[in-house]
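Let me begin by presenting the structure, written as structure tokens, before commenting on it.
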Amino acid sequence: MKYTEEHEWLRVDGDLVVVGITEHASEQLGDVVFVELPEEGRSVSKGEEIVVIESVKAASDITAPLDGEIVEVNPEIADNPAMVNEDPLGKAWFFKMKVKDMKALEGFMDEAAYKDMIG
């Protein structure tokens, strides 16, 4: 897995990239009560806000980590937002995307670098 400074994790699955938020991010958010996912088929640009997460503490956004197209979203977390707190690195993935340049993943942190960043 790769990690972003925005506390997202990225996992390559064939020719797709699966995106979710880290355990650290889910802990910082507190109890997640609402998730708004992007539409499948939507083209996105790196840095574009594409997911809204609301928790008992705050609302925050997930931005697109790469340029590409959203090809699948996880409807289970829209129906059961608490999954984000229960299994952030597994069942609570947010979306899968077909990215324009898989080599762009090389610019993200590995797990050790991410753990150093969050202390």
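Linking Ile, Leu, Val, Met, Phe, Trp and Tyr whenever their side-chain heavy atoms come within less than 4.5 Å puts M1 and I118 in one cluster. When the side chains of ILVMFWY residues are joined at heavy-atom separations under 4.5 Å, either directly or via intervening members, V84 and F34 end up in two distinct hydrophobic clusters. Residues Y114 and V17 are members of separate hydrophobic clusters, defined by side-chain heavy-atom contacts under 4.5 angstrom among Ile, Leu, Val, Met, Phe, Trp and Tyr. Linking ILVMFWY side-chain heavy atoms closer than 4.5 Å, directly or via other members, places M97 and V12 in a single hydrophobic cluster.
Nearest heavy-atom pair across G30 and N85 is O-ND2, 2.7 Å. Between H7 and A25, the shortest heavy-atom contact is CB-CB, 3.6 Å. The minimum heavy-atom distance between T63 and G47, with the atom names listed, is CG2-O, 3.5 Å. Nearest heavy-atom pair across P38 and V51 is CD-CG2, 3.6 Å. Smallest separation of non-hydrogen atoms from D15 and K98: OD2-NZ, 2.8 Å.
In this structure, the side chain of D101 engages the main chain of K103 through a donor-acceptor pair within 3.5 Å. Not one N or O on the side chain of D61 forms a donor-acceptor pair closer than 3.5 Å with the backbone of I53. Between the side chain of D67 and the backbone N or O of K46 there is at least one donor-acceptor pair closer than 3.5 Å. A distance-only check finds no donor-acceptor pair linking the side chain of E27 to the backbone of H24 [under 3.5 Å]. When atom types are taken as modelled, the side chain of S55 and the backbone of L29 share a donor-acceptor pair closer than 3.5 angstrom.
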Handout entry: Test side chain to side chain contact (heavy atoms under 4.5 Å, CB included) applied to F95 and I50, step by step
Key = CA-CA 10 Å; F95 57 88; I50 57 173; 3.4 Å; yes
Practice task
Test side chain to side chain contact (heavy atoms under 4.5 Å, CB included) on V32 and E54 and set out the steps.
Solution key: CA-CA 6 Å; V32 175; E54 293 180 11; over 6 Å; no
Exercise for the section: Begin from the C-alpha positions of L10 and F108 and carry the test side chain to side chain contact (heavy atoms under 4.5 Å, CB included) through to its verdict. Expected result: CA-CA 9 Å; L10 312 172; F108 293 107; 3.6 Å; yes
Problem - Stepwise side chain to side chain contact (heavy atoms under 4.5 Å, CB included) check, L66 with L105 - result: CA-CA 8 Å; L66 300 158; L105 285 166; 3.9 Å; yes
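The OG1 atom of T22 sits 9.0 Å away from the CD atom of E8 when rounded to the nearest 0.5 Å. For the atom pair CE (M117) and OH (Y3), the distance works out to 11.5 Å, reported to the nearest 0.5 Å. Note: E6 CD to I21 CD1 = 12.5 Å, rounded to the nearest 0.5 Å. Summarising the geometry, atom CG belonging to D116 is positioned 11.0 Å from atom CD belonging to E111; distances are rounded to the nearest 0.5 Å. Taking CD1 of I77 as the start and CZ of F94 as the end, the distance is 4.0 Å to the nearest 0.5 Å. Note that the CG atom of L16 and the CZ atom of R11 stand 11.0 Å from one another [nearest 0.5 Å].
The environment of CD in E5 is sparse: at most 12 heavy-atom neighbours from other residues, nucleotides or ligands sit within 6.0 Å. In this structure, E76 places its CD atom where only 12 or fewer heavy-atom neighbours from other residues, nucleotides or ligands lie under 6.0 Å away.
With a 6.0 Å cutoff to the six-membered ring centre and a 45° limit on the axis angle, K91 does not count as a cation-pi contact of W93.
Inter-residue side-chain proximity for I70 and V44 is flagged as met; some heavy-atom pair is nearer than 4.5 Å. You'll find the side chain of P88 stays beyond 4.5 Å of the side chain of M83, heavy atoms only.
Ion pairing of K96 with E40 is absent here, as no side-chain N (NZ or NE/NH1/NH2) approaches a carboxylate O to less than 4.0 Å. Between D110 and K2, no side-chain nitrogen of the basic residue sits less than 4.0 Å from a carboxylate oxygen of the acidic one, so the salt-bridge criterion is not met.
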